Structures are given as C-alpha cells and as structure tokens.
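FYI, side chains are in, hydrogens and waters are out, and symmetry mates aren't considered; it's all heavy atoms of this structure. Within every chain, numbering begins at 1; the chains are lettered A, B, ... in the order of the sequence lines, protein sequences first and strands thereafter. Remember, predicted model here, so these are calculated numbers, not experimental data.
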2 protein chains.
Amino acid sequence: MAASWTRGHGGRTGRPRRELGSTYPGILTLVRNVRRPARLPASRGAEHDPVVTLEMVAREAGVSPSTVSRLLNGTASVRESKARAIEAAIAKLKFLPNSAAQSLARGRSMSVGVVTQSVSSPFYGEALAAIESRLLRSDYSPLFVSGHWRPADERRCLDHLLSRRVSGVILLTSCLPDAELVALAERVPLILTGRRVAAKRIYSLDHDNTESALLATEFLIGQGHRRIAFVRGPQDHPDAEQRFAGYRAALAAHRIAFSADLVADGNYIDEGGYTATLRMIDSGVRFTALFAANDQSAYGAMLALYRRGLGVPADVSVVGFDDLPASQYTIPPLTTVHRSIDRIGEAAAEAMIDLLEGRIPTQRSSSVTLAIRESTRRLTAAG
Amino acid sequence: MAASWTRGHGGRTGRPRRELGSTYPGILTLVRNVRRPARLPASRGAEHDPVVTLEMVAREAGVSPSTVSRLLNGTASVRESKARAIEAAIAKLKFLPNSAAQSLARGRSMSVGVVTQSVSSPFYGEALAAIESRLLRSDYSPLFVSGHWRPADERRCLDHLLSRRVSGVILLTSCLPDAELVALAERVPLILTGRRVAAKRIYSLDHDNTESALLATEFLIGQGHRRIAFVRGPQDHPDAEQRFAGYRAALAAHRIAFSADLVADGNYIDEGGYTATLRMIDSGVRFTALFAANDQSAYGAMLALYRRGLGVPADVSVVGFDDLPASQYTIPPLTTVHRSIDRIGEAAAEAMIDLLEGRIPTQRSSSVTLAIRESTRRLTAAG
DNA sequence: CTAATTTCTGCAAGCGCTTTCAAAAAAGGG
DNA sequence: CCCTTTTTTGAAAGCGCTTGCAGAAATTAG
C-alpha cells in the first residue's frame, strides 16, 4: 500500500529512523522495508519455480526478444516457422508476460480501478460482478478496492489506484466532496455512479432517487394507505436524503400531513431497520404501511413487525428500495423499487470503455420501476 | 487480460492477421492491439494532468533520483534539508510512485491474488472483506478476481494473477482438480480455503463439512425429528457432497433409515432451495424438519414452505449452513451452522502473510458451532 | 540472374524505479 | 588543523518488455 503522499502534513524523515513510524504515519510502511532482503535473482524465492521471462522464451526459440514480443502482441507478422518455435517455447516454459513490465513499457496499465464502499454488501456485490463481466469482454481488467464509506479510506484507495496508474476510475457512490472529485477527474478518466456531480470531465450515472422514492410512496398512497412510516438511511448519504425527500414530496402531493413520528433513523443495514421499526411500534405510533430507504432496512423492519405480531401485508404493507436478489425470497417476497444494479454496473463499465477508447459515453439512463410483490396490499377498510 | 498461453492448443499467428482472432482464441486480444497508438509521451492522454515521475521530483528538489527513492523507501538516511525539499516537491507535484516500475525494479509485487467464485455472493463477500482488512494492515494489497465456479474461468484468473506476478494466491473453494493445485503451488505460495488438498506446499484452511453437517442433523434429531428433508448443494462441489455425507452419517448413527425421497437437489442459491422444497412438498413426502446445504438454499426452502402454508417452525423446522449475516433477519431468524466466514478470510490472509514473510503458518482451526435461532423447535407430538 | 520491393528480424534505447558502488561530505579524533 | 571513520549522495546498471530504425531475407519484377 503506497503511502499517501499527496495529502498528510509535511512530515519528513529525520535521522533516527525508528521514530518515523510513529510520528509520520505515511512513512511507516517504508521503515519496515529497511529490512527488505536484497533483490531476488529474478525468482520468487529459491523454493518456487523460477520465473520465466520473455528473453528466456526468445533464447529457447532461437529468436530475439523483439520477435517474441511482436508475436505476442500481433504488432508485426512473424515467419511461420519461428512462430511455431516461439509458441512451443512459451508452452514448454509456461511463460506468462510480466504485466508490470508491460505497463511500464507501454505506458499504460490496461486496468481500471473500481472503488466500492463495501465488498461484502449485496448491493455493491451485484455492481462489481456486472463491471467485472463487462470489462472481461474488453482489454481492461478491474482492480477492486473499498472505501467503507470513509473519506479517508476512499482517498487511500484512490492513491493506491493512481499509484498503479489505472487507466480510469469508477467510483460507486463516492463519499468525497465534489471539489475533490473534480480535481480527481483532472488526473484520470472518471465515472461516478449513484451521485451526480456537474463538471466537465465527470461522467455521472445515476437515476433520480427522489423521483424513485416518490414513485414508491405514491404506490402506497394509491393503495389507500395514509399513515406511511419511513425508515431513513444514513443522514450523510446524499441518496438517502433524496429518498427521504421523495417520500415527503409524495405526501405533500397528496395533501397528507407529514408527521415526524412516522420517521425513524436507520443506517441502510438490517439492524438499523429493525431497531428503528421496533422503536416506532413501541412508541405507539400507528401506521398501515412502511417504506424503507433500502431493502436491507426493509428486511429488518419486517422482522420487527413479525416480532410484534404484525403481519405483512395483513397489518402493514412494506416497500423497500434496491431490489436486491434476496428480496424475491423474503417472507413475504418484498415489493421494492427496482433499479437494476447490474445494469448500472454494466453501464458504468461501458461508459469507461467508451471514454478510454476516445468515444464520448452515451448516457444510458437506467430506468427505475417498482417490483410489486407480496409485501403490500390495498387497504380496504379505514387505515 | 493476458491471453492464456500456458494452455490452449498451439495456435500460431499466420500472415493475414485478421484470421487470428477467430482461429486462435488466445491471440484475439492481441490482434486488436495492432491499432494501438504509439507510445504516449509519459502522459495519460493529452487531456489529463501529466503523470509525475520520481525523476521530476528529484529535479524539482535539486537532488538525484536515488535520494528521492531512498527517502521514500527509508532505505538510507537523508539529510534533513534535502528530505524537506523532496517532500515539498512530492506534495507540490502530487507525486505517487508508479507501482509497476516499483514491482519491476524490486522484483516483487507486494500484492496477493484472491480468487473468489462470485463477487456478488454474500458468503464470499464476507470473506473478501476480511481478507482485505487483514491485508491492509500488512505491506500487501489484494487483487480480487472471480472464477464463477468454472474451471476455465478460474484458470484464466490464475493466469492473470501470475502474469501480475502476485506474491501469493488465496483460492476460495477452488473447483480445479487437485493435480492442478499442486502444480500451481510450485509456482507461487498458495493458500486454500474450503477444501483440503494434501500436498507439501499447499496450506488448506478448512473446517470439516461432514462433521458440521452431522452436528446440525443431530441437533434436529435431538429435538425429536425423524423425518428430516435435505436440500443438497451442487453435485460437483466437494463441500456440498461432504455436507450430504454428514447428513447421512447422522441418520445412520441414530438408526434412522435414509430415504431418497427426502433429498432434493439444490444449487446453493435461493432459487434452487425453493424449487427443490416445492417439489418435495408437492410430491407428498412428509417431513417435520429440513436441513439445507447452505443458508441461501434455506431461504428458498422457507419461502416454499410459506407458499404451501406450512409454518416455520410450527410445521417444519429449518436449519441452514453458513450463517450469513442475513440469517439473523430472516423470518423467522434462521438456525444455522455458524462458521465465521470472516474468521476464515482473516485466517487465510494471516497464513499468507506468514508464508510470505518466511514463517510457517500456524494452523488456526476455525471452530464451527450451531447458531440456534427461531426456525427450529422441539417436536412434542409424534413426527 | 540482378535489382527493386516488400517482409521479417535484431539492435538498442527507453519506461520509472531500485540498488550497488564508489566518491563526496560531515563528523570525530589527536 | 590534518587524517580516519561514518554518513550522504550520485552515477549507472539493471528489472522485463515494447518499439523505432535499419539491416537481412524473401519475393517480385525486369
């Protein structure tokens, strides 16, 4: 992990090296390297199979390295007999080109950095899978890192990627301030998802969170619900706030008074939805429907309802947001805002490829729909 | 993505390059490169900020590149005044070392490859997160790729990693034959999880699937269940087969006749568990408990039971395997075999670091327990 | 069969960084 | 203040691969 040189105060290395580690965080890693063994003789430690280089292949095949390189890259035609010999050598030695050397010589790495917020989240997982699969069909390969919703972590990740000289960066719902993203876009082609930053070099892929939340809330209203609870996402996520705004907008549009009692703070994960819902129920607030800012919160909410003996959708209709794959298998299957995460991922990858190949990414707008399943019902009697 | 030179038939490139793509799969990528623009002038395309090199920093600071390198790596002491100047230059130019050049010069990449089977699976996601977080505290950084349970994909991933000269490889439940893994271990330090391969250089981290499944089944038996259904995992996964074996062993130990009617094929995902269970119910087989080969299958099974009006645990007790985070929030919360995935991931990373730093990995055995929640109940009347 | 082309192929110069070696500078000793 | 020891520093040689250039080989033309 490269030290974060671009930021961090101007600490410097004094003589007594030991002190550095503690005083200057960025240099800590390096201190340890003092003990690094001398350069290895082009092998991965004596105990492992020697590493094969292009030169060895060339020697084995009786040609020059240039010829091998050209065959590998198809940058010139190679006489049939030599090609055969070279390929035999490659197979025999199990040669695989050293991609670090390739990047260096070519001046480009053919890899794109992907910053996710959490590798283990089902939501991002879907997106990553889609990006990976799209990139697989191109000449680029992904480099995944995760920022854990922490600006500091995200910066570290970005430094890491820039250090690896990625050809481009895809940021999934970054939590960095706009200004930083604009600056970043000056250094490397940038694609953003789940967030809209208006700047010349930045390409944002997003659907309208407010609009989608409004859609979901209106659906509940249309089903006759009036007392609709809302489980919020984290306060510092723009998209969470937008969803909340959509909820309020729908109420307003239908002249339903907004009540703060019907809103509880969640955190986008199951546990938050569970606690928030339990708190609302136990505080005596009544509601016939509940809209959660994301599916995971909805799962938690459903468990809370179950715990308090409230049936879904018999007593309370529940709507989520995201349509994670698992939402088809909850009990009952969850009605939720469907925004195909994989489409978003694919579109992001596609846009990046466009960018890298000199095309202007065509803005594919990802459509949002409501997946109506069994967690909601029309309210017949009075709410 | 590097072509798979080590395998694939001995295709060669003839004169008319266009043909190659179709005829020789491995070379397809390369053909496209013919159109690659000439070497870029050390910049990432004219439109972006120029890339800064160590030499530029040296010039800016009025010292030689060696000095800058030494300061960065802490490999020698640098006069205070120069250190200050260098750091100022680094900050001013926003220099980040080119890691490809570093790898090349150092002869090692300081990265470890991690092959998962599916980035989007909640199970692997947990493991990846744990590996990433452990590696973060070391000098190594992870490189994630996914094999999709397909040997061909897994081989491609491995070639990719070897091409990047990773210092080591962690394979999460590989689906490659033992022989190939043994060969791989000759090329690079190797850690395996979810699978046991007895070979000198291979370090396997695993818990006993058979034993764990036996544990879960015996729990159900202990609760008075006799007719216990089983939803299998994919037939070609060793661990799935072991879990099945554990189920049978438990029955045998308690002299309960095994009945093929009580076993249905799943595929480790929700949908498979759903279909399998539905099929069993609809075929008229009766059972008071159901054990699924993994949690996702259990989710599907519970939905099937729900659809057929069977209550969990009122009519059927359900037990899963994995204890995914989501299992605490299913309705009802799922009783399941808990094997801390994150511990496994962490242990794998830890073992890899040990290996890379010349230590012999201490075999941390990951304990398996049963997380007893609300999806199971003691059978009071006759089963 | 020689000359003019057109195809191949090797040489050598990098890519950006690390590291060895030896010289330069600073510090210590008498 | 001169000489030895120790600390700093720079020059230069790679790491493994790509590629411009020019010479060699094969092909075609005359």
Side-chain angles (χ1 to χ4, degrees), chain A residues 2 13-17 30 33-34 36-43 51-59 61-83 85-86 95-110 163-165, chain B residues 2 13-17 30 33-34 36-43 51-59 61-83 85-86 95-110 163-165:
Chain A
T13 107
R15 232 72 48 69
R17 286 169 234 158
L30 312 172
N33 291 344
V34 174
R36 193 162 45 215
R39 177 186 302 175
L40 308 177
S43 97
V51 167
V52 180
T53 70
L54 180 145
E55 201 192 329
M56 295 165 71
V57 170
R59 191 156 29 224
V63 299
S64 81
S66 345
T67 305
V68 178
S69 170
R70 283 191 272 250
L71 176 63
L72 249 56
N73 296 295
T75 44
S77 44
V78 172
R79 191 169 309 287
E80 170 110 9
S81 58
K82 304 212 174 190
I86 292 172
F95 169 73
L96 282 174
N98 179 328
S99 68
Q102 293 188 138
S103 305
L104 194 56
R106 302 215 255 248
R108 48 222 222 84
S109 69
M110 301 311 284
S163 184
R164 286 194 116 90
R165 300 290 188 270
Chain B
T13 109
R15 232 70 48 71
R17 288 168 231 158
L30 312 171
N33 291 344
V34 173
R36 193 161 46 212
R39 177 186 303 174
L40 308 177
S43 100
V51 168
V52 180
T53 70
L54 181 144
E55 201 191 331
M56 296 166 71
V57 170
R59 191 153 32 220
V63 299
S64 79
S66 342
T67 306
V68 179
S69 170
R70 282 190 275 249
L71 175 64
L72 249 57
N73 296 295
T75 43
S77 44
V78 172
R79 189 168 312 286
E80 171 109 8
S81 58
K82 306 214 173 191
I86 293 172
F95 169 72
L96 283 174
N98 179 327
S99 68
Q102 292 188 144
S103 305
L104 194 56
R106 301 215 256 249
R108 48 223 222 82
S109 69
M110 301 311 283
S163 184
R164 286 194 115 91
R165 301 290 188 267

Which one, D/dC15, D/dC17, C/dT9, comes nearest to the side chain of A/Ala76? C/dT9
Round to a whole Å and report the spacing from CD of B/Glu55 to C1' of D/dA11. 13 Å
Does OP1 or OP2 of D/dT8 have a side-chain N or O of B/Arg79 closer than 4.0 Å? no
Heavy-atom donor-acceptor pair, B/Ser99 side chain to B/Gln102 backbone, under 3.5 Å: no
Nearest to the side chain of B/Asn98, heavy atoms from C-beta on, is which of D/dC17, C/dA26, C/dG16? C/dG16
Candidate nucleotides D/dA12, D/dC15, C/dG14, ranked by approach to the side chain of B/Ser66 - the nearest: D/dA12
Give, for atom NZ of A/Lys82 and atom CZ of A/Arg70, the distance between the pair rounded to the nearest 0.5 Å. 11.0 Å
Looking at the side chain of B/Ser69, which of D/dT19, C/dG16, C/dT19 is the nearest nucleotide? C/dT19
Mind listing the closest non-hydrogen atom pair of B/Val51 and A/Arg165 along with its distance? CG1-NE, 3.4 Å
How long is the line joining CG of A/Leu96 and C1' of D/dC17, in whole Å? 14 Å
Nearest to the A/Ser77 side chain among C/dT19, C/dC8, D/dC17, which nucleotide is it? C/dC8
Both B/Lys82 and A/Ala101 contact DNA chain D. Which one's nearest nucleotide lies toward the 5' end? B/Lys82
B/Leu54 CG - C/dC15 C1' separation (whole Å): 13 Å
Rounded distance in Å - CD (B/Glu80) to P (C/dA27): 13 Å
Reckon A/Val63 touches a base, only the sugar-phosphate, or nothing at all at heavy-atom distances under 4.0 Å? sugar-phosphate
Atom CZ of B/Arg106 to atom C1' of C/dT18: distance rounded to whole Å? 8 Å
Tell me what A/Thr67 touches on the nucleic acid: a base, only sugar-phosphate, or nothing, going by heavy atoms under 4.0 Å. sugar-phosphate
Listed nucleotide nearest any side-chain atom of B/Arg70, set C/dT20, C/dC17, C/dC15: C/dT20
Calculate the interatomic distance between B/Asn73 atom CG and C/dT18 atom P; express it in whole Å. 5 Å
Once you round it to whole Å, what is the distance between P of C/dC15 and CE of A/Met110? 20 Å
N/O (side chain, B/Gln102) to phosphate O (OP1/OP2, C/dT18) under 4.0 Å: yes
If every non-hydrogen atom of A/Phe95 is compared with every non-hydrogen atom of A/Leu54, which pair is closest and at what distance? CE1-N, 3.3 Å
Please step through side chain to side chain contact (heavy atoms under 4.5 Å, CB included) for the pair A/Val57 and A/Val52, ending with a clear verdict. CA-CA 8 Å; A/Val57 170; A/Val52 180; 4.1 Å; yes
Answer yes or no: does a side-chain N or O of A/Ser64 lie under 4.0 Å from OP1 or OP2 of C/dG10? yes
Separation of A/Arg59 atom CZ from C/dT9 atom P, in whole Å? 19 Å
